Every structure is written in C-alpha cells, then in structure tokens.
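All residue numbers in this chain count up from 1 along the given sequence. The figures here come from the full heavy-atom set of this structure, side chains too, leaving out hydrogens, waters and symmetry mates. Note that the coordinates shown come from a computational prediction; the quantities given were computed from them, not determined experimentally. Counting convention: from 1, in listed order, for ligands and their atoms alike.
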Amino acid sequence: MEEEKLNVAMFSIHSCPVGELGTKDTGGMNVYIRELAGELGNRGHRVDIYTRVHDPNDPQVIHLNENVRVIHLRAGKNGYMHKVAIYPYLDDFTGTLENFILRENLHYDLIHSHYWLSGQVGRWAQARWNVPHMLMFHTLGAVKNSTGVGEDEPLLRITTERQIVQNCHRIIAATEREKSELMRFYCAESGKMNVVPCGVNMEVFQPVDKGSARRQLGFSDDEKIVLYVGRFAALKGIDRLLKAMTHLRHHNGLKLVIVGGDGHGAPEFEAIQRLSSELGINDMISFIGRIEQGDLPPYYSAADLLAVPSYHESFGLVALEALACGTPVVATEVGAMNSVICEGKTGSVVADSRPQAFARAIHDFFSKPRHAMESADSIRNSVRQFNWSHVAKAMIEKYESMLADFNFSKMKVLGARAQAAQSGRTAIL
Ligand code: UDP
C-alpha cells in the first residue's frame, strides 16, 4: 500500500541543518536532520525544517530537495548565540513562525522537534496547531551533568526537558541506553518511547585504498594512524585520548590525527593544544581542523583505527562512518558502541574509563596480526543495516502510529463532548 504523504514541521532552533559540521554546536544532530529529512522528501513527504538565522548571509529558504526546505527565522540577534542565551528569544521565534505560516498558508500533520530548545517551540506549536508532537533530545541535560564532565547544564534546561517529556506525544531514543536514561532521569513513560537507531550514508562513506588515501593526505605507509573525528566538546574525551597516547610512546610511528573543531583561537582548541604540550606529545599529534563530510572517507580509510574516547554519546555517528569505510573502531562504552562494534572483529569497546585502559586497547590492536581483524569489506558489511532509508522507514511508521493515537484521543474527546451535550451535561475533559 502506498504511504500517505505527510506534511512535517521539524524544529532545529539552536543549530542550523546546513551549518559547518564538526564545529561548536554542529555535529551528529545536524547530519541526522539532513539525512532523515532528505529521505522523507525522496519518499514524497514534505518537510519544513525551521531554524534560527545563524548566518545573516543565508537566504531565508534553502531547498535541500524538491520536498524539503530549511527555513531561517529570527530569534534574538542574527548570528551565533550561546544555546542557553537563545531561550528568552523563543517567543520571538514563535512570533515570526506564526507570521511565516500565515503568509504561506501552511498546515502540518505533525511536529518533529530536535533538542530541548526546539522541544519548547514544539510545545507551543502542538497546542496552537492541534497536531501531535514527536521529540528527539539528542542529548539530555541531567545525563550530561551525571558524567561530571564539562560545564553543568542549567536547571532551566532540565526543568524544560521534564515538561516536554510529560507533554509531547512521542519520544525517539537512538539507543536502549538513551531510553533507560529517559526513564531514570525524567520518569518518561516507556509506552511513549520508541528506539530507532541512527544511520550512515553508505554511498558517501566507502572504503578508499589505504595507500592512495595516505599519499593523498601526506601520511606515510609505515605510520600507525589513530584517527579522531568530531567536535571538541569536553564530553568527547579528547583529553582521555591524549593521556592514552602518553602510554603508547613505545609504538614507533604511532600518530594521532585529530579532525574537527573550530580551529586556532577557539578556547576548546587552545585547551587541547595546551594539554598536548603539557603531556609532551606534540610530536605524536596532527591537528587537521574541520573537514567537509564528503571529504572524510580518505581520512577514515588512511587510518588504522578510529578512536571514540567519549565520556558520553547519544549515538556516535563517526563510529558507523569509519566502519562503513572498512576501518575498525576502538571506543569507550558509550552511545551505540556496543551494538555497532563486533568485539575483536570490527574493533573493541573499552569498559574501563581510565586512559591506560584505552591505551591498552589500542596497543592490543596494533599487537595483533593483521588477519585477526575482519577485512575492510567485512567491516563495511557489518553496518549495512544502518542506513538512512531504514531510519526514514521506521520513522514514518512511528509518525503514523503517533497520528493514529492522537486522532483516536481526539475522537474520544469529541465523542464525550457530544454525549454530554445530548444529555444536557457539561463534559469535564
Ligand atoms: N563531522 C564532519 N566534519 C568534521 C567533524 C565531524 O563532517 O570535521 C561530522 C561527522 O562526519 C559526523 C558528525 O559530524 O557525521 C558528528 O556526529 P557524532 O554523532 O559522531 O557526534 P555529535 O556531534 O553528535 O556529538
């Protein structure tokens, strides 16, 4: 049976889906929104993704494909704002949103919000438009605080997240772990949640011949390359990885290649460079800066392994991307690592949080004979089931079931009102 075509309003208020990946607030969530919306559009659903004006030079409307638009609306100043500083301007945002919708005579079947700030706008819209509201948090304030890493998230965020959890119609968690965290820290009802894993673009992320990739990037064949790809946020654990490197000095030619970050001058970058100097490992580290996603496959292919040293991840897309390129992954036990890495065959998950333990896993990897790991093709095959068209298909099912539940409740309310009117009573609903 053909799918009913849906009109979806997505909110990604604090971070622009077309922003520069690997920088401050722009990473996995943006990839998720772009890829999911793109797939929904390919299937004929219409998606409007609303975000703040992050760059005054961006046009108000950008078409990602024939059915998908990114729409920039004003909230606070036009340009970068700290996430929490956006909160007081959310009313501003809903005001411009209302005008835009009236002007274009738009109607949506459902709302899909990403992150707590968008969830707050979604709460407003669900009441205003009388449509169901699905939420994906991507990260949760209380969970972040429980790691004790980086700055504490404000109570405002956690209180708002609690209200959204109670109020929205459906919550998507990327892993069973995230679902448990939602139950443990936010008392989320299990029946309101669905687990839908993230995906990887298997066309973009393909193995490149290791030798050619290394020549292209200026690395030599005899180097042992450990790669890091991602933002420079404290939770990413680059400090743990640098400390692990100090235990690996005896490996001749071992090099840590770091991709991502906002570059020289950014406080996070300066802090990592300072730590590297303090640890005396500058000669082992190469800082590459941020790389366009389409240019990442040679980096993944040139590397012997990808390191994911995070203290917390909601999923960890870079692991899937490396595996799709045939490169093994050594990771801490975060996000989806336990379900995407096949222990000893496509990488290793390190349960012990100490840098020495992470170093030991890297050491073991380089000490093993080459044939102990799967071939690049088998590693790639191990993640074939994670693709964005599966994510979109699963999401459409969840949209449909949320809509059915929502319409059923609406009918019940209308029915009770009609009955009460017939019997001359006032329905208390
Ligand atoms: N990324 C990129 N260029 C960079 C660094 C990262 O395109 O220089 C992308 C990377 O390919 C991945 C995303 O940013 O898709 C990071 O997602 P992940 O889930 O690993 O981390 P998050 O940003 O969600 O914490």
Side-chain angles (χ1 to χ4, degrees), residues 12 14-36 38 83 114-116 136-141 143-144 147 149-150 153 172-175 177-178 196-206 217 227-238 241 257-264 266 268-269 272 286-303 306-325 327 329-332 334-337 339-341 347 383 386-388 391:
S12 172
H14 83 287
S15 186
C16 182
V18 291
E20 290 189 330
L21 297 175
T23 56
K24 206 169 179 53
D25 292 330
T26 315
M29 185 185 97
N30 309 66
V31 174
Y32 188 96
I33 294 172
R34 257 188 238 180
E35 294 280 358
L36 171 64
K83 285 182 279 200
H114 299 268
Y115 200 65
W116 67 282
M136 187 148 177
F137 282 100
H138 297 271
T139 62
L140 291 156
V143 177
K144 239 175 147 177
T147 64
V149 177
E153 290 298 312
I172 300 293
T175 58
R177 186 198 302 268
E178 193 185 351
V196 179
C198 300
V200 61
N201 189 324
M202 297 297 280
E203 269 96 66
V204 172
F205 293 101
Q206 301 213 26
L217 302 174
L227 176 70
Y228 169 87
V229 177
R231 296 176 298 115
F232 275 30
L235 276 182
K236 291 287 179 181
I238 305 180
L241 182 54
V257 174
I258 299 186
V259 169
D262 294 73
H264 294 276
E268 295 83 0
F269 181 81
I272 300 288
S286 263
F287 290 99
I288 306 290
R290 70 167 293 276
I291 296 288
E292 284 301 325
Q293 204 183 39
D295 297 329
L296 282 176
Y299 284 90
Y300 286 126
S301 296
L306 176 82
V308 180
S310 310
Y311 296 99
H312 176 76
E313 285 288 338
S314 111
F315 189 88
L317 289 181
V318 289
L320 274 187
E321 294 166 3
L323 295 168
C325 290
T327 302
V329 179
V330 172
T332 44
V334 292
M337 298 307 131
S339 52
V340 302
I341 295 170
V383 293
F386 295 95
N387 62 58
W388 290 109
V391 179

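- Contact of the F287 side chain with the F269 side chain is registered, since non-hydrogen atoms from C-beta on lie closer than 4.5 Å.
- With respect to the salt-bridge test (charged N to carboxylate O, under 4.0 angstrom), the residues K24 and E268 qualify.
- Residue contacts with ligand 1, taken as heavy atom pairs separated by less than 4.0 Å, involve L21 via backbone and side-chain atoms alike.
- Set against the non-hydrogen atoms of V31, the atoms of ligand 1 under 4.0 Å away are 15 (O).
- Taking both residues in full, the closest heavy atoms of T26 and R231 are given as O-CD, 3.6 Å, listed atom of the first, atom of the second, then distance.
- Heavy-atom minimum distance, A322 versus V329: CB-CG2, 4.0 Å.
- For S15, the side-chain hydrogen bond (donor to acceptor under 3.5 Å, both in side chains) test picks out N30, with sequence neighbours left out.
- To the nearest 0.5 angstrom, E153 atom CD is 4.0 Å from K144 atom NZ.
- For ligand 1, the atoms closer than 4.0 angstrom to any heavy atom of V318 are 10 (C), 12 (C), 20 (O).
- Remark: ligand 1 atoms within the under-4.0 Å shell around heavy atoms of R290 are 8 (O).
- Between Y115 and T139 there is a side-chain heavy-atom pair separated by less than 4.5 Å.
- In the vicinity of G260, heavy-atom distances shorter than 4.0 Å reach the ligand 1 atoms 8 (O).
- The protein heavy atom nearest to atom 5 (C) of ligand 1 is G22 CA, 3.5 Å.
- Across E20, K236, E313, E321, heavy-atom proximity to atom 25 (O) of ligand 1 is greatest for K236.
- Looking at L320 and F315, their side chains come closer than 4.5 Å, going by heavy atoms from C-beta outward.
- Distance from atom 18 (P) of ligand 1 to its nearest protein heavy atom, with residue and atom name: L317 N, 3.6 Å.
- Within the 4.0 Å heavy-atom criterion, the part of L296 lying near ligand 1 is the side chain and not the backbone.
- Per-residue contacts place V259 under 4.0 angstrom from the following atoms of ligand 1 (heavy atoms of the residue considered): 8 (O).
- The distance from atom CG of L36 to atom CD1 of I172, rounded to the nearest 0.5 Å, is 9.5 Å.
- Per-residue contacts place I291 under 4.0 angstrom from the following atoms of ligand 1 (heavy atoms of the residue considered): 2 (C), 3 (N), 4 (C), 7 (O), 8 (O).
- Listed by number with element, the atoms of ligand 1 under 4.0 angstrom from any heavy atom of R231 are 22 (P), 23 (O), 25 (O).
- G28 N, 3.5 Å is the protein heavy atom nearest to atom 16 (C) of ligand 1.
- Using a 4.0 Å cutoff on heavy atoms, H138 does not count as a contact of ligand 1.
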